[in-house]
Amino acid sequence: MGTLASMGGADTQLPGFMGAGFFIVFYVIFAIISFIPSYFLFTFGSKTKAGIEAGVNTDFENGLKNLKRLFKFYGIIAIIFLGFYALMFVIAIFGGLASAF
């Protein structure tokens, strides 16, 4: 972090809130968010395989339910990102209008 802050010189150092603690919290949150779809995909694969090998429909159905959860999770994430993109688009428009006057 110290090397990153000193690369740009004294004028471009990182703000106070972007210290090592900020990056640690960011990566922990990102790891948790990344774990959720991985867990759904693993559970889908293992339960579906067990259901097919044993011929048990309930295991197979539970595996497919986890696939449904995976796609629902990705859909929610996509909606959140589309909302952020729309928000940034509106902010950019207002910023352009404000700079014109």
**Request:** Mind checking the CG-CD1 spacing from Leu41 to Ile36? Nearest 0.5 Å is all I need.
**Result:** 14.0 Å
**Fill in**
Output for pair (Ile29 CD1, Ser34 OG), nearest 0.5 Å, gives 11.5 Å
**Request:** Please step through side-chain contact (heavy atoms from CB on, under 4.5 Å) for the pair Phe81 and Ile77, ending with a clear verdict.
**Result:** CA-CA 6 Å; Phe81 275 105; Ile77 294 296; 3.5 Å; yes
**Item:** Euclidean distance, Phe42 CZ relative to Phe35 CZ, rounded to 0.5 Å
**Value:** 9.5 Å
When the side chains of residues 64-73 are checked against the rest of the protein, which donor-acceptor pairs come out under 3.5 Å, sequence neighbours left out?
{"residue": "Asn66", "atom": "OD1", "partner": "Arg69", "partner atom": "NH1", "Å": "3.2"}
{"residue": "Asn66", "atom": "ND2", "partner": "Asn62", "partner atom": "O", "Å": "3.1"}

**Message:** So which atom in Phe44 and which in Gly63 form the shortest heavy-atom distance, rounded to 0.1 Å?
**Reply:** CD1-O, 3.0 Å
Show me the side-chain donor-acceptor pairs of residues 85-101 shorter than 3.5 Å, one per line, residues at least two apart or across chains.
{"residue": "Ser99", "atom": "OG", "partner": "Gly95", "partner atom": "O", "Å": "3.4"}
{"residue": "Ser99", "atom": "OG", "partner": "Gly96", "partner atom": "O", "Å": "2.9"}

**Asked** Say you draw a straight line from OH of Tyr27 to CZ of Phe22; how long is it, rounded to the nearest 0.5 Å?
**Response** 10.0 Å
